[in-house]
Amino acid sequence: MKKLEVIIRPNKLEELKAALTDLKVRGMTIYEVMGKGLQREQKQYHRGHEHLVDLYPKVKVELICRDHWVERIIEVILRVCQTGQAGDGKIFIYPLEEIVRISTGERGDDAL
Amino acid sequence: MKKLEVIIRPNKLEELKAALTDLKVRGMTIYEVMGKGLQREQKQYHRGHEHLVDLYPKVKVELICRDHWVERIIEVILRVCQTGQAGDGKIFIYPLEEIVRISTGERGDDAL
Amino acid sequence: MKKLEVIIRPNKLEELKAALTDLKVRGMTIYEVMGKGLQREQKQYHRGHEHLVDLYPKVKVELICRDHWVERIIEVILRVCQTGQAGDGKIFIYPLEEIVRISTGERGDDAL
Amino acid sequence: MKLLKMWSQRLILLLSTVFLFVISNPQPVRAAETAGINVGDTGFILVCAALVLLMTPGLALFYGGMVRKKNVLSVLMQCLMVMGLVSVQWVLLGYSLAFGPDIGHLIGGLEWLGFSGVGQEPSGTYATTIPHMAFAAFQMMFAVITAALITGAFAERMRFSAFLAFILLWTTLVYDPVAHWVWGEGGWLSGLGALDFAGGTVIHISSGIAGLAAAVVLGKRIGYGHNPILPHNLPLTVLGAGLLWFGWFGFNAGSALAANGLAAHAFLVTNTCTAAAALSWVAAEWLDHGKPTTLGAASGAVAGLVAITPAAGFVSPLAAIAIGLLVSPVCYLAVSRLKVKLGYDDSLDVFGIHGVGGTLGAIATGVFASMAINPAGADGMLFGNWHLLLAQLVAVAVTWVYSGGVTFLLLKVIELFTSLRVSEEEEEMGLDMALHGEQA
Amino acid sequence: MKLLKMWSQRLILLLSTVFLFVISNPQPVRAAETAGINVGDTGFILVCAALVLLMTPGLALFYGGMVRKKNVLSVLMQCLMVMGLVSVQWVLLGYSLAFGPDIGHLIGGLEWLGFSGVGQEPSGTYATTIPHMAFAAFQMMFAVITAALITGAFAERMRFSAFLAFILLWTTLVYDPVAHWVWGEGGWLSGLGALDFAGGTVIHISSGIAGLAAAVVLGKRIGYGHNPILPHNLPLTVLGAGLLWFGWFGFNAGSALAANGLAAHAFLVTNTCTAAAALSWVAAEWLDHGKPTTLGAASGAVAGLVAITPAAGFVSPLAAIAIGLLVSPVCYLAVSRLKVKLGYDDSLDVFGIHGVGGTLGAIATGVFASMAINPAGADGMLFGNWHLLLAQLVAVAVTWVYSGGVTFLLLKVIELFTSLRVSEEEEEMGLDMALHGEQA
Amino acid sequence: MKLLKMWSQRLILLLSTVFLFVISNPQPVRAAETAGINVGDTGFILVCAALVLLMTPGLALFYGGMVRKKNVLSVLMQCLMVMGLVSVQWVLLGYSLAFGPDIGHLIGGLEWLGFSGVGQEPSGTYATTIPHMAFAAFQMMFAVITAALITGAFAERMRFSAFLAFILLWTTLVYDPVAHWVWGEGGWLSGLGALDFAGGTVIHISSGIAGLAAAVVLGKRIGYGHNPILPHNLPLTVLGAGLLWFGWFGFNAGSALAANGLAAHAFLVTNTCTAAAALSWVAAEWLDHGKPTTLGAASGAVAGLVAITPAAGFVSPLAAIAIGLLVSPVCYLAVSRLKVKLGYDDSLDVFGIHGVGGTLGAIATGVFASMAINPAGADGMLFGNWHLLLAQLVAVAVTWVYSGGVTFLLLKVIELFTSLRVSEEEEEMGLDMALHGEQA
Ligand SMILES: Nc1ncnc2c1ncn2[C@@H]1O[C@H](COP(=O)(O)OP(=O)(O)O)[C@@H](O)[C@H]1O
Ligand SMILES: Nc1ncnc2c1ncn2[C@@H]1O[C@H](COP(=O)(O)OP(=O)(O)O)[C@@H](O)[C@H]1O
Ligand SMILES: Nc1ncnc2c1ncn2[C@@H]1O[C@H](COP(=O)(O)OP(=O)(O)O)[C@@H](O)[C@H]1O
């Protein structure tokens with residue numbers, strides 16, 4: 001089991017969700033986050049005072065999946081979310097030890 | 001040390017917090033997230049146009065605890081949050097390497 | 001590669017961001033969360049009814065970095081965010097298996 | 001779904017009926033232009049009517065900010081629907097029931113159905129210096145806000161179709177008769193000598209008691225008492241309170257039905273009492289638990305507005321301060337102590353503020369009223385006349401019993417046809433999504 | 001950036017010109033105080049003008065709640081800029097074009113530039129019981145709201161400088177002439193016998209069609225049709241609808257230009273039609289997909305306000321109910337079906353509600369109008385007079401063609417100088433940050 | 001806690017006193033009904049008073065949107081408390097101090113304490129065509145908004161009890177006397193020939209300077225200058241600005257104290273100047289840093305409203321455009337440059353907009369005023385009369401010195417009894433939670 005944390009541009013979410021659903025990935029958890037990276041800073045103004053904005057709204061999609069699904073999912077993400085410009089986001093992959101499904105108490109792969 | 005990420009129905013939060021406090025678990029971090037899973041889709045309407053809603057508001061409770069606490073906490077979660085219906089949520093368990101408590105600089109178990 | 005999840009007081013964010021930028025750490029992801037810990041509870045009132053507030057607004061800064069950067073970053077965090085009072089927050093450190101940069105498809109250290 | 005179909009078929013029926021009626025309508029209203037119309041009074045009352053209309057959206061925000069986010073739209077929706085339903089009912093039927101030629105001191109006749117005979121010339125009976133239509137429009141806004149007030153009691157749990165049926169029936173069977181009794185030419189309560197300048201009894205007591213009855217019949221929200229149910233957007237609530245305060249000048253000053261000294265008097269004491277009540281609610285909280293709250297200040301202002309409503313044309317500015325200082329602590333005890341003791345879940349304290357505040361205001365009118373202020377009124381207890389206080393108590397008691405009883409029965413009858421509450425699942429999901437397919 | 005510089009230089013130029021003008025202005029307006037002024041009418045119209053002014057912030061909120069969060073400020077900003085631009089244009093030029101001494105039935109002369117000759121005494125031509133300035137101020141608010149209405153059509157994608165140029169030109173080349181044709185002394189459309197009590201044609205049709213043209217010229221928003229583009233804050237939208245409903249009383253009742261029976265009549269039918277339309281939109285949704293929505297109730301109310309606008313001084317309360325019940329289902333079909341079929345992206349349905357609703361209202365006026373209600377009007381089809389309906393259809397057609405055509409041309413011309421749309425990157429980032437450097 | 005107890009005990013004392021007073025109050029106000037009352041004027045002024053009342057909730061939202069989310073309720077609360085405190089103070093004491101029979105050109109006598117003698121008939125001195133109570137109510141709203149304006153300067157850091165004490169004392173010791181000097185019969189500043197149509201000096205300068213003094217005495221917010229302190233909800237701010245714009249018509253047009261040509265004039269120039277100022281603020285930003293902002297448009301509108309306030313009854317529409325184009329760039333420089341240079345932390349720019357804009361407006365009145373517009377006024381510099389400008393400068397200087405000085409002293413005195421600022425911990429937590437136990 002792996003956990004993928006995928007940081008993307010907010011406007012890619014719908015498309016990614018659809019593409020993952022095609023892959024039969026149904027479960028996912030979505031976070032609204034602010035991200036700082038290589039993306040160019042913007043200026044914000046408040047009664048003539050300038051403030052640099054270096055945090056951009058991003059969406060984080062969290063996916064837990066079986067190990068052999070990881071590459072397929074990465075492929076889909078790259079296909080859908082890649083514009084080639086700074087700010088496209090990252091995929092972070094983590095190990096996971098156990099899953100419990102609360103409604104049934106099932107564990108492990110069955111719990112997905 | 002383990003990290004538990006517990007995705008639950010928002011209206012179970014108060015009860016779970018109380019049950020965990022009874023267990024003497026005091027620290028936790030709460031996220032408002034949107035979750036997609038096996039829960040039935042809903043329809044949303046906007047001037048006669050229909051949109052499917054497959055993301056539901058969920059609450060994620062993040063708990064870092066010592067290894068031997070994990071099962072006890074899972075038990076409490078199952079007791080409190082299980083309705084038996086799709087959408088009850090999941091518990092994901094992750095390994096953790098180190099903790100630092102910022103106020104004191106303590107590390108490891110002492111930092112909890 | 002490591003992932004640091006740093007829970008801090010919201011008003012420390014600007015300063016921490018600046019200090020990390022000085023360290024040449026540019027990438028980070030920010031979450032608005034609610035945290036429960038050792039911080040004293042507050043009372044909230046609603047038409048004469050009292051409610052205990054034990055969840056405080058916190059900011060979580062998530063940083064993925066190379067292993068040998070970890071200590072340097074911890075040091076900066078302690079310097080900036082330590083007031084010495086309960087509620088200063090924690091640093092949690094996790095292992096990470098892989099990174100993919102969406103814009104280029106690069107993996108591993110290059111993807112950072 | 002079947003019910004929905006049924007309802008919509010009825011709407012279509014209604015539409016066609018109205019159509020036929022209009023087409024066959026031979027002689028709308030002749031404009032015997034400006035016979036005896038006072039331009040100053042007319043403009044003033046029209047503006048006041050607009051101000052009172054604004055109170056309902058104001059109330060929607062006041063209420064909407066206090067519920068949980070998942071239910072805010074359902075609250076706004078109920079207020080919009082009340083504006084729609086009651087306005088149309090008033091034109092077709094309600095005005096005639098409330099103000100039409102008296103039948104046995106109990107109800108108005110059907111002569112003015114569909115506003116036939118309600119025209120641009122003044123009525124012979126009411127507000128004789130302004131067009132009859134201006135008076136009827138002004139009164140319409142009162143009917144609207146009264147029904148809207150009740151919705152706070154069953155917020156976050158009532159089924160939409162049951163709500164629609166309830167509002168339509170309540171307005172017809174409770175509001176219209178009570179308005180007739182108190183304000184209609186020949187109504188029996190005004191015959192008793194009870195004073196109600198702008199609607200303490202008709203509006204606030206009747207809606208407050210209806211709210212209590214509805215809260216009892218519908219039962220508590222899931223989690224009430226265990227999980228904290230807290231306001232999701234207090235700035236919305238404060239905005240709503242601001243609009244209420246503003247619109248209430250139309251309510252109270254407009255109830256002089258002319259732009260005269262009495263209107264100015266009502267205006268001034270309205271503001272004064274409201275201000276004092278905002279302060280005294282905050283003071284009560286401060287004493288009770290040490291924290292003056294914003295919701296408290298807003299609630300106090302509303303309580304003050306409620307309490308001065310029946311009294312506005314009869315009491316002095318200093319009496320208004322006294323009423324304001326009194327009403328808030330009393331309402332505060334009602335919502336913080338009495339509600340817990342009696343154990344009902346009146347979501348937004350319609351009873352605690354409008355029922356209790358309205359009752360206090362009606363009684364205070366019996367105490368502080370003075371003919372030196374309004375020769376058409378009466379002297380209160382303080383000026384040696386106990387009779388008025390008695391009349392006020394009778395009017396209050398009658399309204400409590402009538403509105404409480406009929407509301408209870410109405411809901412029980414509706415319950416025979418359809419469940420009053422949404423399902424548990426819908427309640428947890430939130431009414432916005434469950435009933436309206438929308439998110440705030 | 002260059003464009004910005006250019007514009008600001010022009011502003012400075014304007015400033016200096018005005019300055020010089022003021023300094024050399026020998027004789028402002030003499031106050032032949034209160035000659036023939038009716039105090040009641042004056043107070044009423046001034047308050048009505050304030051109410052109509054409030055409609056534009058109301059509209060800003062109504063619109064602002066419906067866009068995505070990243071664009072809400074850009075919507076509010078456009079409304080604020082319209083208030084600024086059109087108000088100043090009106091004083092300097094617009095009022096004279098619209099209401100100045102007639103030239104060939106087509107346009108007003110330049111005699112009243114800079115409000116010279118528009119003073120505190122009544123005009124000889126318009127609203128002879130109130131100060132000329134009160135009439136001109138009241139009319140100013142109409143010009144403001146009309147231009148603001150259009151902004152809903154191109155929300156979330158128009159460049160700011162192109163927007164400024166468009167509004168200024170549109171007001172001057174479309175609004176001012178059409179207002180002259182319908183309301184100006186000598187205007188050719190009123191000569192035909194067409195009735196437009198408060199601006200169905202001048203305001204709602206002309207802005208609705210302009211919105212359609214703009215939506216077509218600008219093209220769809222990125223993702224339109226694929227990604228759901230949903231309202232980010234419906235309570236804001238409901239608040240806006242409430243303020244619109246409130247302000248519209250100034251619009252319609254004020255259009256009687258006196259605090260008389262006709263004003264009362266217009267007030268009452270305005271509320272009645274609006275209420276009925278709120279109900280019938282909800283009913284249409286309920287039938288169509290089973291969920292009555294809050295946005296639907298608010299949209300229906302606005303549709304009702306639009307439809308009754310031309311008719312308010314001419315039709316009976318029952319006819320108002322009929323119009324209200326009709327307009328919402330028709331507008332509902334326009335926004336839910338027609339828009340999809342024709343494939344334009346009118347962001348906030350300016351065409352579907354104001355264009356369609358205004359057209360329906362103008363036609364309904366030709367059907368339901370009755371001289372029994374307003375002897376200065378005409379009888380409609382239902383009362384045996386087909387001529388009025390014809391005149392209404394001509395007025396509608398003319399406005400469709402003129403406003404649609406000129407808007408289209410205007411945008412094409414502006415496009416020669418500057419792009420109409422923001423860049424793709426700016427659109428994705430949101431106009432708030434990209435154009436205004438702000439976050440909501 | 002001890003302080004709280006003390007305060008509440010005082011409130012109880014006040015309550016009992018008022019009670020006794022009321023009970024012993026033998027003869028409220030006799031209604032010598034409609035003797036010389038003009039119905040049109042009365043209705044107009046009452047509606048104007050309601051409009052001005054709405055300005056304070058409007059201001060609350062305007063301010064509330066600009067602070068950080070953790071402090072929004074504290075801002076709303078302060079405005080609500082001002083409405084409460086100042087309204088009650090006005091009835092008990094303030095009106096008499098400001099408008100009561102003159103004592104030495106400095107202050108009103110105590111004859112009208114508790115509104116004794118302020119009745120439904122017109123006053124012999126002020127606004128002789130409307131009930132005395134209507135005049136007093138209208139003026140009350142001015143006192144309320146003035147005190148509320150100051151709160152923007154110390155937002156996000158003042159202790160609640162110190163705030164209450166400050167407002168009560170400030171209103172009594174600064175507002176009431178200055179109002180007497182300028183508007184009271186016999187006041188010395190009006191004797192000098194200074195013109196202030198609707199309160200540029202009395203309201204905007206006095207509150208603006210008080211804000212500056214308070215900002216200096218209280219010191220900067222934690223993190224000011226390092227951490228960005230940005231508005232948390234600009235739509236709220238725009239809504240507030242819209243309500244201010246709307247309500248200000250009551251302020252300025254109502255200051256004609258009759259529904260006459262002058263009221264129409266004041267109405268029109270108010271809108272015109274506001275519009276021009278919204279444009280010129282945006283233009284200034286565009287030139288300065290390239291981004292026109294929504295907050296800028298709203299701020300410009302408010303600056304325009306401020307600047308035209310003293311001038312509204314005296315200057316031509318074109319002069320209003322000139323004033324509008326001027327005031328915003330000047331205020332913009334004040335808030336963006338001067339504030340940084342001088343280093344005070346005036347949280348919401350009360351000084352930069354009301355102090356500076358009010359001063360500019362007062363001077364502009366001395367330049368542009370014309371007796372052709374208002375024969376009861378005076379000619380300004382442009383029309384060859386330098387005396388008026390001088391009088392204006394004196395009035396401005398006096399208000400600066402008096403309001404600045406007394407505010408400073410007041411705060412220093414209050415500081416002897418209680419700390420003015422919340423603790424650091426409370427400031428970081430946010431005043432909503434720390435002081436009021438609430439979350440927005
Ligand atoms: N080292 C990091 N740690 C945590 N989050 C990161 C890190 N680097 C990038 N991110 C997240 O990924 C998002 C995209 O990164 P960015 O550098 O802007 O573009 P790119 O995808 O081209 O690398 C950032 O906004 C941030 O949320
Ligand atoms: N594979 C997954 N990856 C990440 N989050 C998931 C995954 N599956 C489920 N979740 C989260 O758990 C929540 C509950 O899952 P759901 O399938 O609705 O019900 P159940 O608890 O019966 O499995 C989801 O809303 C989502 O937030
Ligand atoms: N065991 C835990 N699991 C998850 N989050 C925790 C845990 N303990 C603390 N936290 C997070 O850290 C924050 C700070 O902790 P707290 O106990 O208040 O102060 P301290 O930093 O002194 O330990 C909490 O608000 C919570 O968000």
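All values below come from the heavy atoms of this structure, side chains included, with hydrogens, waters and symmetry mates left out.
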Here's a test: name every donor-acceptor pair under 3.5 Å between chain C and chain D, with the distance for each.
{"residue": "C/R47", "atom": "NE", "partner": "D/S299", "partner atom": "OG", "Å": "3.1"}
{"residue": "C/R47", "atom": "NH1", "partner": "D/L348", "partner atom": "O", "Å": "3.1"}
{"residue": "C/R47", "atom": "NH1", "partner": "D/D349", "partner atom": "OD2", "Å": "3.0"}
{"residue": "C/R47", "atom": "NH2", "partner": "D/S299", "partner atom": "OG", "Å": "3.1"}
{"residue": "C/H49", "atom": "NE2", "partner": "D/V335", "partner atom": "O", "Å": "2.9"}

Side chain, backbone, both or neither: which part of D/I229 has a heavy atom under 4.5 Å from chain C? backbone
In residues 71-96 of chain C, which residues are in contact with chain D at a heavy-atom separation under 4.5 Å? none
